[in-house]
Novice: 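Let me begin by handing over the structure; questions about it come next.
Side chains included, hydrogens not; waters and symmetry mates left out as well; all remaining heavy atoms used. Just so it is clear: chains get the letters A, B, ... in the order the sequence lines come, proteins before strands, and each one is counted from 1. Bear in mind that the values here come from a model prediction, so they are computed numbers and not experimental data.
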Amino acid sequence: MTDKPDTAIPRTVPIQSATFSNPVNAEIRRAAATGIYDIRGGGSKRKVPHFDDLLFLGASISRYPLEGYREKCETKVTLGTRFASKPIELDIPITIAGMSFGSLSGGAKEALGRGATMAGTSTTTGDGGMTEEERGHSNKLIYQYLPSRYGMNPDDLRRCDAIEIVVGQGAKPGGGGMLLGQKISDRVAEMRNLPKGIDQRSACRHPDWTGPDDLEIKILELREITNWEKPIYIKIGGARPYFDTTLAVKAGADVVVLDGMQGGTAATQDVFIEHVGQPILACIRQAVEALQDLDMYREVQLIISGGIRGGADVAKALALGADAVAIGTGALIALGDNDPRWEDEYQKLGTTAGAYDDWHEGNDPAGITTQTPELMKRFDPVAGGRRLSNYLKVMTLEAQTIARACGKNHVHNLEPEDLVALTLEAAAMARIPLSGTDWWPGKPGTSF
Amino acid sequence: MQSFDLEAEGLRKLNVSLHAQKNDTNQTAWEITNPKGSHAIAVGLDAPIEVTVLGSTGYYCGGMNKQATVRVKGSAGPGVAENMMSGKVIIDGDASQYAGATAHGGLLVIKGNASSRCGISMKGVDIVVHGNIGHMSAFMAQSGNLVVLGDAGDALGDSLYEANLFVRGTVKSLGADCIKKDMRPEHLETLKCLLAEAEADAKPEEFTRYGSARELYNFDIDNASAY
Ligand SMILES: Cc1cc2nc3c(=O)[nH]c(=O)nc-3n(C[C@H](O)[C@H](O)[C@H](O)COP(=O)(O)O)c2cc1C
């Protein structure tokens, strides 16, 4: 025996556990130290089957394409044709989703209104009521009717362009809102009739109706108050899309808004965001099927949301049967959220640009998800609105590019037959043939 | 007095006629016959008119009311005067669930009993119930006053914010974060006015006040079982 260790024997390299990964362990330590679950904003961060797993076929001999720029490809969409005497007419099939004043600053709400208006589309209020900033700057404003009813009042109901009854959100189907004390400024507190600085939990269920039969009567009341003029949307999270869509239609919806699990939120428990609800890819065909079974397809319009980033996503959502899409996170990023120009400050907050999601703490360096005046000053609503409008227009052009390549003179003419799936999972969820086959798992008449 | 036969003329025409009344209307008194439990009667009013419903109503009678006085000479279904902003809604009989839900202002008087979730999420309204109220009343009530001459059911004032609850009779149980509180002179004064306005035969001194312990206002892990 020598007294030196034998360096010739290979050693095992340190292996990190896939199950107990570093982020998992860090969360265990954080929970152990604080005794509170992790609350954050944003949507699901894990990888789930998504629009990236679908491809368009394009045209060739069996179908011929339209000439880019020369042959028209329409993008207009009308929402709320079933009962409302004043449906919503939009130039593009992309709307701005409901995001609350409180979670967002007044300036950010103004910018959303400006950008949406320039691009010819609608924006939406959120938990916490309607602000002058957004009403003033939004040509078409959808007014959310939420379980909390913060700031709900008949005057705003009468001056909105459509009403969206929020039953659920994709990030947290079955959960209510959350706004922590740091963001309950005087103005937010007053709009919500709450004491300043408290941790505020919005209800998850509406206070004065339960179930589809009650909802039908609630809708009657809202229509009576607003003279049957305004379209009534019902927003649901991606839980049981076939049944929920069916019941929404039965209750009298003009429009169904369906939000998948990737959909962002202002703040909720991470466990909720990552573990409750289905990816939007799995929800769309089920909702469309429900509408078709009721003979209501295109009569009741379908807006889908949750992880829409670009024109390809828009085109794929429409091809699967949606009438329009809504965006939340994408719009915030266009405004300047998570921009690397603030990297130094993200570092100080213990995070990095692109990963910052502690929106509930109200310290947003970009001045968007905050109520702190010094931070809010950093955000220019006019420039932000311009960026949002650019982004919306680019997405629209991209969707048109794809639609033309598929030979469609309206983006609504995109159809499932234009698509193939790259993975078995996506094929099964979207009911689209796996690339190179004419088959998907669960296809009627096949034995899988 | 304008008389309106709801059965013959229909709900749409009723609400259109009532909405057409502006502040300076001289058609201030309206009587609705044959309500027969219809829903959404006299909703979204915004003028100082007096509407009397001769019979019982369905859901959401007087919903989102502003300025008007709506009197139901019968009982009211769920969500009566929901989200009222101002004005007055008076029910001569009983009221079903969620009476006065989320209402921001005005006065709701229920001469009989109110069912469960009375005053749920109320945001500034005053509610006076001559009889009893059911379980989970004033759940998440934010502000305003709920006055009950009779008894209250289970879990009164659960997750209450700043609303004041006054009960003359017994309370079956209090909800999370709701406690008995001292009656101060200003509360007696408020009660006196509300009782008078609601034509209620009771003395302020007979009531007990309940309100928020404010222990759940900011999250604390040691209170987790109460959330
Ligand atoms: C900051 C923020 C605030 C939100 N607030 C609300 C809200 O008040 N009401 C609501 O129904 N949805 C709210 N949402 C969800 C959006 O309406 C929408 O469903 C979601 O953002 C769509 O998914 P995407 O973010 O992937 O585009 C919010 C989302 C974000 C990012």
Side-chain angles (χ1 to χ4, degrees), chain A residues 31-37 39 129 145-158 176 178 180-182 184 189-210 213-229 269 360, chain B residues 11-12 14-16 18-19 38-46 58-61 63-66 77-80 82-85 97-105 117 119-124 136 139-144 159 161-163 212 214 216-222 224 227:
Chain A
T34 62
I36 183 173
Y37 40 46
I39 295 172
Y145 190 73
L146 294 121
S148 71
R149 308 279 167 88
Y150 292 136
M152 171 50 53
N153 72 79
D155 298 329
D156 288 342
L157 210 54
R158 284 185 275 259
M178 233 177 212
L180 301 192
Q182 299 93 319
I184 311 274
E190 192 190 323
M191 276 181 74
R192 298 183 183 214
N193 312 77
L194 284 171
K196 197 183 165 185
I198 69 166
D199 292 342
Q200 170 264 295
R201 293 152 290 139
S202 309
C204 66
R205 255 187 6 238
H206 281 262
D208 59 355
W209 63 268
T210 40
D213 297 332
D214 283 8
L215 177 55
E216 188 171 347
I217 306 170
K218 175 49 77 180
I219 289 175
L220 169 74
E221 183 204 10
L222 294 173
R223 290 200 195 276
E224 282 292 321
I225 291 172
T226 54
N227 207 21
W228 289 74
E229 285 174 358
Q269 296 92 337
H360 57 285
Chain B
L11 182 70
R12 194 70 280 268
L14 171 68
N15 285 321
V16 167
L18 296 176
H19 292 169
S38 298
H39 308 308
I41 293 177
V43 293
L45 305 191
D46 190 8
Y59 281 58
Y60 310 128
C61 176
M64 301 225 185
N65 185 51
K66 281 178 80 181
V80 64
E82 68 86 18
N83 214 86
M84 173 161 59
M85 305 303 292
Q97 303 175 81
Y98 355 105
T102 76
H104 288 67
R117 296 183 166 79
I120 183 171
S121 200
M122 54 194 271
K123 296 169 170 45
M136 291 299 275
F139 175 61
M140 290 180 93
Q142 295 174 217
S143 61
S159 307
Y161 294 101
E162 293 297 297
S212 178
R214 305 189 179 101
L216 302 183
Y217 275 13
N218 290 94
F219 190 86
D220 178 348
I221 188 61
D222 295 325
Y227 287 98

Novice: Sort out for me which of T34(A), D155(A), T226(A) touches chain B most, counting heavy-atom pairs under 4.5 Å.
Specialist: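 Answer, by heavy-atom pair count under 4.5 Å with chain B: D155(A).
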Novice: State which residues pass side chain to side chain donor-acceptor pair (under 3.5 Å) with D46(B); sequence neighbours excluded, sorted by chain then number.
Specialist: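 With neighbours one apart ignored, the set is Q67(B).
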Novice: So which atom in R149(A) and which in H104(B) form the shortest heavy-atom distance, rounded to 0.1 Å?
Specialist: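 Shortest heavy-atom separation between R149(A) and H104(B) comes out as O-CE1, 4.1 Å.
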Novice: Give the minimum heavy-atom separation between S148(A) and S121(B), together with the two atoms involved.
Specialist: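 Closest pair (atom of S148(A), atom of S121(B), distance): O-OG, 4.0 Å.
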Novice: Minimum heavy-atom separation for Y161(B) and I198(A), please, with both atom names.
Specialist: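 In this case the closest contact between Y161(B) and I198(A) is CE2-CD1, 3.4 Å.
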Novice: Checking A103(B) now: which residues fulfil side chain to side chain contact (heavy atoms under 4.5 Å, CB included) with it, not counting sequence neighbours?
Specialist: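 Side chain to side chain contact (heavy atoms under 4.5 Å, CB included) check on A103(B) returns M84(B), V125(B).
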Novice: What closest approach, in Å, do G197(A) and N218(B) show between heavy atoms, and which atom pair accounts for it?
Specialist: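 Taking G197(A) first and N218(B) second, the nearest heavy atoms are O-ND2, 3.1 Å.
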Novice: Flag the pair V16(B) / W228(A) as yes when at least one side-chain heavy-atom distance between them is below 4.5 Å, and no otherwise.
Specialist: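 Not in contact.
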Novice: Please determine, among I225(A), L194(A), D208(A), N153(A), the option with the most heavy-atom pairs under 4.5 Å with chain B.
Specialist: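 Maximum pair count with chain B is reached by D208(A).
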Novice: Among R214(B), R117(B), H39(B), which residue has the highest count of heavy-atom pairs closer than 4.5 Å to chain A?
Specialist: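 Answer, by heavy-atom pair count under 4.5 Å with chain A: H39(B).
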Novice: I120(B), N83(B), N65(B): which one forms the most heavy-atom pairs within less than 4.5 Å of chain A?
Specialist: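 Most heavy-atom pairs within the cutoff with chain A belong to N83(B).
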Novice: Counting only non-hydrogen atoms closer than 4.5 Å, does P154(A) touch chain B with its backbone (N, CA, C, O), its side chain (CB onward), both, or neither?
Specialist: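 Both backbone and side chain.
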Novice: Side chains of P195(A) and E162(B): closer than 4.5 Å at any heavy-atom pair?
Specialist: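 Answer yes - side chains close enough.
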Novice: Distance from E216(A) atom CD to Y59(B) atom OH, nearest 0.5 Å?
Specialist: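 Answer for the CD-OH pair, E216(A) versus Y59(B), is 11.0 Å.
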Novice: Need one label for K123(B): side chain, backbone, both or neither, based on atoms under 4.5 Å from any heavy atom in chain A.
Specialist: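 Both backbone and side chain.
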Novice: Any idea which heavy atoms bring T102(B) and P207(A) closest together, and the distance?
Specialist: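 Closest approach of T102(B) to P207(A), heavy atoms only: CG2-CG, 3.5 Å.
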Novice: Looking only at heavy atoms and a cut-off of under 4.5 Å, which of M152(A), R192(A), R158(A) has the most pairs with chain B?
Specialist: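 Maximum pair count with chain B is reached by M152(A).
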Novice: Examine whether an atom of Q97(B) lies under 4.5 Å from a heavy atom of chain A, and if so say whether it belongs to the side chain, the backbone or both; otherwise answer neither.
Specialist: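 Q97(B) has no heavy atom closer than 4.5 Å to chain A.
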Novice: Side chain, backbone, both or neither: which part of Y37(A) has a heavy atom under 4.5 Å from chain B?
Specialist: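 Contact with chain B is through the side chain of Y37(A) alone.
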Novice: Given heavy-atom pairs under 4.5 angstrom as the criterion, report whether the side chain, backbone, both or neither of L18(B) touches chain A.
Specialist: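 Neither part; nothing is under 4.5 Å.
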Novice: Is the terminal nitrogen or CZ of K218(A) (NZ for Lys, CZ for Arg) located under 6.0 angstrom from the six-membered ring centre of Y60(B) and within 45° of that ring's axis?
Specialist: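 Satisfied, under 6.0 Å and within 45°.
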Novice: How close do E221(A) and A40(B) get, heavy atom to heavy atom, and via which atoms?
Specialist: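 That closest heavy-atom pairing would be CA-CB, 3.9 Å.
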Novice: Less than 4.5 Å apart, side chain to side chain, heavy atoms only: is that true for E224(A) and L11(B)?
Specialist: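 They are in side-chain contact.
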Novice: For R12(B), which atoms come within 4.5 Å of any heavy atom of chain A: side chain, backbone, both, or neither?
Specialist: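 Both the backbone and the side chain of R12(B) come within 4.5 Å of chain A.
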Novice: Just give me the residue among L157(A), D214(A), L222(A) that pairs up with chain B most often, heavy atom to heavy atom, under 4.5 Å.
Specialist: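 The candidate making the most pairs under 4.5 Å is D214(A).
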Novice: Which bit of V43(B) comes within less than 4.5 Å of chain A, counting heavy atoms only: side chain, backbone, both or neither?
Specialist: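 V43(B) touches chain A through backbone and side-chain heavy atoms alike.
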